[in-house]
Each structure stands twice: as C-alpha cells, then as structure tokens.
Amino acid sequence: MAFSQAPLPFDIKALEPYGMKAETFEYHYGKHHKTYVDNLNKLVEGKDLADKSLEEVIQISFKDPSLTGVFNNAAQVWNHTFFWDSLKPAGGGTPSGDLAAKIDKDFGGFDKFKEEFSNAAATQFGSGWAWLIDDGGTLKVIKTPNAENPLAHGKKALLTLDVWEHAYYIDFRNARPAFIKNFLDQLVNWDFVAENLAKA
Ligand code: MN3
C-alpha cells in the first residue's frame, strides 16, 4: 500500500492574514512535501517496508545506514504533516490548562519557553527543525538537522517548526528570526500541542 499525503488541515489561503501566503503552501505542501511522498513510495516499492506504518518505517530506517534515503523521505513526510498540524489561522498566544502548567513547571514560565524555542529554531545551522517534546514526562525543546525527528529517537513530539530555508523564503526572505516570531505570535496551534501531550 502506498503512502499518501495528508490534506492540508486548513485552506491554502487561510494563513495569508497571519504572515504565510498561499504561494508558500503551493510550493511547500504542493511540491516539497509531495516530492517526499513520491520519493518514499518509489524507494519502498515491492519491499516489506511498503506494508509498514510511516512511523515504523522511520524507526526502522533510522537505525539502518543502508536505508538513509528511505529515512530522509519518510521522516520528511511525517515532519511536514506534523508541521501543518502545528499551524492554525489566528493561532499563537498562550496555551492553557495542563499544558500551560507543564510549560511553567519545566521551563520556568511561558516567556522562558518562547525564548528557548526561538533560540533553538534560530541556531539550527542550515536545514532542520525545532521541536517541543515530551521526554518521559518532562517537556524539552530540541533542534534536529535535516530530516531527523524525535520519533527516530523514540521521543514524543508535541510541536514543530520547519526551519529549512524553503519554509520561510517566500514570506520572509532570509529573515528566519521574523518567521520564528510570527509562528509563535500568530500561528501555533496550541490545541494540537495539548492533544499530543494528552496522548499515551
Ligand atoms: Mn519543509
């Protein structure tokens, strides 16, 4: 069974009032993300991996140096779907409930979390991702290079930001810090983060 590309969870124009143009999604979703799906399907065609879940393919291929190409494409399929779900129109602001309490406890306040997340996203040299993860009951911020993700390391992802240049060049040109600030101010889907935290 072939892997498929999940639909965008919002209209392609929905984030235009919040700093991300439809053109960004025409390329980032319509071309970059789709290409990872197509490449993955070509790489696993006729192999046992084609019958595994995407999560299983990521964890198996990460540990096998002969499957680097499979890992890169499978992880990028998963990372981008997770990134779209991390965004929503009129998002951002502050989380509430258990999630807010966990952030206060583990980071020493929401502003400290924002500072740590912004710093991770800004300092990932070259291509990669910034993440909020649940590491065995403690919330942490991490950054990963290229396609690498928390799932590969057996950790639970809660939120991500794509900091590959293709993620921000149309809307913010070279200004990665402005893209990061806009994400935190107007786009983070805290409901998605809270759902992930509540999952076993
Ligand atoms: Mn990307």
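Counting starts at 1 for both ligands and their atoms, in listed order. Since the model is a prediction, treat every value here as computed from it, not as a measurement.
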Looking only at heavy atoms, the pair that brings Ala120 and Val141 closest together is CB-CG1, 3.6 Å
Could you identify which residues cluster with Tyr169, counting Ile, Leu, Val, Met, Phe, Trp and Tyr as linked when any side-chain heavy atoms lie under 4.5 Å apart, either directly or through a chain of such contacts? none
Output side-chain donor-acceptor pairs under 3.5 Å for residues 15-26, partner residues at least two apart or in another chain, one line each.
{"residue": "Glu16", "atom": "OE2", "partner": "Ala22", "partner atom": "N", "Å": "2.8"}
{"residue": "Thr24", "atom": "OG1", "partner": "Asp171", "partner atom": "OD1", "Å": "3.4"}
{"residue": "Thr24", "atom": "OG1", "partner": "Asp171", "partner atom": "OD2", "Å": "2.6"}

Throw together a table of side-chain donor-acceptor distances under 3.5 angstrom for residues 121-129, partners on residues two or more places apart or in other chains.
{"residue": "Thr123", "atom": "OG1", "partner": "Asn119", "partner atom": "O", "Å": "2.7"}
{"residue": "Thr123", "atom": "OG1", "partner": "Lys143", "partner atom": "NZ", "Å": "2.8"}
{"residue": "Gln124", "atom": "NE2", "partner": "Ser127", "partner atom": "O", "Å": "3.3"}
{"residue": "Trp129", "atom": "NE1", "partner": "Gln76", "partner atom": "OE1", "Å": "3.2"}
{"residue": "Trp129", "atom": "NE1", "partner": "Asn146", "partner atom": "O", "Å": "2.9"}

Which value, rounded to the nearest 0.5 Å, describes the distance between Glu195 atom CD and Asn189 atom CG? 7.5 Å
Verify the distance criterion only: is there a donor paired with an acceptor across the side chains of Thr144 and Trp131 at less than 3.5 Å? yes
Just to be sure I understand the site: which N, O or S atoms from the protein are less than 2.8 Å away from the Mn ion (ligand 1)? His28 NE2, His80 NE2, Asp162 OD2, His166 NE2
